[in-house]
Q: 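This is the structure I have questions about; it appears just below.
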Number of protein chains: 2
Amino acid sequence: MTLRLLRYFVAVAEELHLARAADRLGIEQSPVSRAMRDLERLLGVSLFDRSARQTRLTWAGQVLLGEARRVLATVDQAVQATKETLHNPPRTLDVMR
Amino acid sequence: MTLRLLRYFVAVAEELHLARAADRLGIEQSPVSRAMRDLERLLGVSLFDRSARQTRLTWAGQVLLGEARRVLATVDQAVQATKETLHNPPRTLDVMR
DNA sequence: TAGCCTTACGGCATACGTAAGTATA
DNA sequence: TATACTTACGTATGCCGTAAGGCTA
């Protein structure tokens, strides 16, 4: 699993349209389509219902959308918390030992 | 940020030794060293204290270790929860609309 | 046939391994 | 000098864009 696949998936799941998702991601449709295929293969589940004219989420897709948002939020927090150590030094001197 | 950098970092932070971390990851020392350098540049903070003979975590490194573990746990849960939708179908039929 | 997604292919960027280099105790 | 981390360089893998292909209303 990679964050790239999760980021692409959230964009597609929210837009329900590959071209718009690709626009939002600043890339072309093609890599987005391939990424969704790769993600489905990786997880072994269908994330989208492509039978209809419009793209829709399967149940697995709905579950992953919530989970992926949590992952990305956790990543953002990890980056922020680490950067903020510059301004919030440890209270005691021996925490680094 | 990538999961690869976080996975490598957790290995190094837990082993406090690049060769052992590399062994655990199934790769060579060299890419691990480069990854840690890249991660520090990305975050703009020092994660390791390299002045001593042994590798030690800075305060920022200790904070990131906890955060990175949370991220990786969240990812595992995301994958599991999505895969389990195959055995736990939605209770109602209209959740996919 | 118009709109949307997918596949093929070539090029670029990223990541690895080997091996040489640097530093410290 | 032994141990551990870093840097240089060539190769392999991964990801992207362009363009062609397929499908459905």
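A quick note: this is a predicted structure, and the numbers were derived from the prediction, not measured. We name chains A, B, ... by the order of the sequence lines, and we start the count at 1 in each one. Just the heavy atoms: all of them, side chains too, but no hydrogens, waters or symmetry mates, feed the values below.
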Q: Send over the distance from A:F9 CZ to C:dC5 P, rounded to a whole Å.
A: 15 Å
Q: Measure from the side chain of A:L18, starting at C-beta and using heavy atoms only, and say which of D:dT6, C:dC5, C:dT7 lies closest.
A: C:dC5
Q: With a non-hydrogen cut-off below 4.0 angstrom, is A:A19 in contact with a base, only sugar-phosphate, or nothing?
A: sugar-phosphate
Q: Tell me: CZ of B:R20 to P of D:dT3, nearest whole Å?
A: 13 Å
Q: Could you work out which one of D:dC15, C:dT7, C:dC5 sits closest to the side chain of A:R4?
A: D:dC15
Q: Without decimals, in angstroms, what is the distance between B:L5 CG and C:dC16 C1'?
A: 14 Å
Q: Round to the nearest Å and state the distance from A:R41 atom CZ to D:dG14 atom P.
A: 13 Å
Q: OP1 or OP2 of D:dC5 versus the side-chain N and O atoms of B:R37: is any pair under 4.0 Å?
A: no
Q: From the list C:dT7, C:dT18, C:dA15, which nucleotide is the closest neighbour of the side chain of B:S30?
A: C:dT18
Q: Decide whether B:S33 and B:R37 meet the rule of one side-chain donor and one side-chain acceptor closer than 3.5 Å.
A: no
Q: Measure CZ/B:R7 against P/C:dC16 and give the value in whole Å, please.
A: 12 Å
Q: The side chain of B:E28 is closest to which nucleotide in this list: C:dG17, D:dG17, C:dA15?
A: C:dG17
Q: Measuring to OP1 and OP2 of C:dT6, would you say a side-chain N or O of A:R34 lies under 4.0 angstrom away?
A: no
Q: For B:M1 and A:L3, work out which heavy atoms get closest and say how close.
A: O-CD1, 3.6 Å
Q: Can you check whether B:R69 reaches B:L6 side chain to side chain, under 4.5 Å on heavy atoms?
A: no
Q: Judged by each residue's nearest nucleotide on DNA chain D, which is more toward the 5′ side, A:T2 or A:Q29?
A: A:T2
Q: Any base atoms under 4.0 Å from A:Y8, or only sugar-phosphate, or nothing? Heavy atoms, all strands.
A: sugar-phosphate
Q: Taking all non-hydrogen atoms of both residues, which atom of B:A78 and which atom of A:V71 are closest, and how far apart?
A: CB-CG2, 4.1 Å
Q: Let me know the distance between CE of B:M36 and P of C:dA15, rounded to the nearest Å.
A: 12 Å
Q: Can you check the A:I27 CD1 to D:dG14 C1' distance for me, whole Å?
A: 14 Å
Q: Can you tell me if the side-chain N/O atoms of B:R50 get under 4.0 Å from OP1 or OP2 in D:dT6?
A: yes
Q: Please report the distance, rounded to the nearest Å, between CG in A:L39 and P in C:dC5.
A: 16 Å
Q: With a 3.5 Å distance limit and no angle check, can you tell me whether A:Q29 reaches the backbone of A:A19 through a side-chain donor-acceptor pair?
A: no
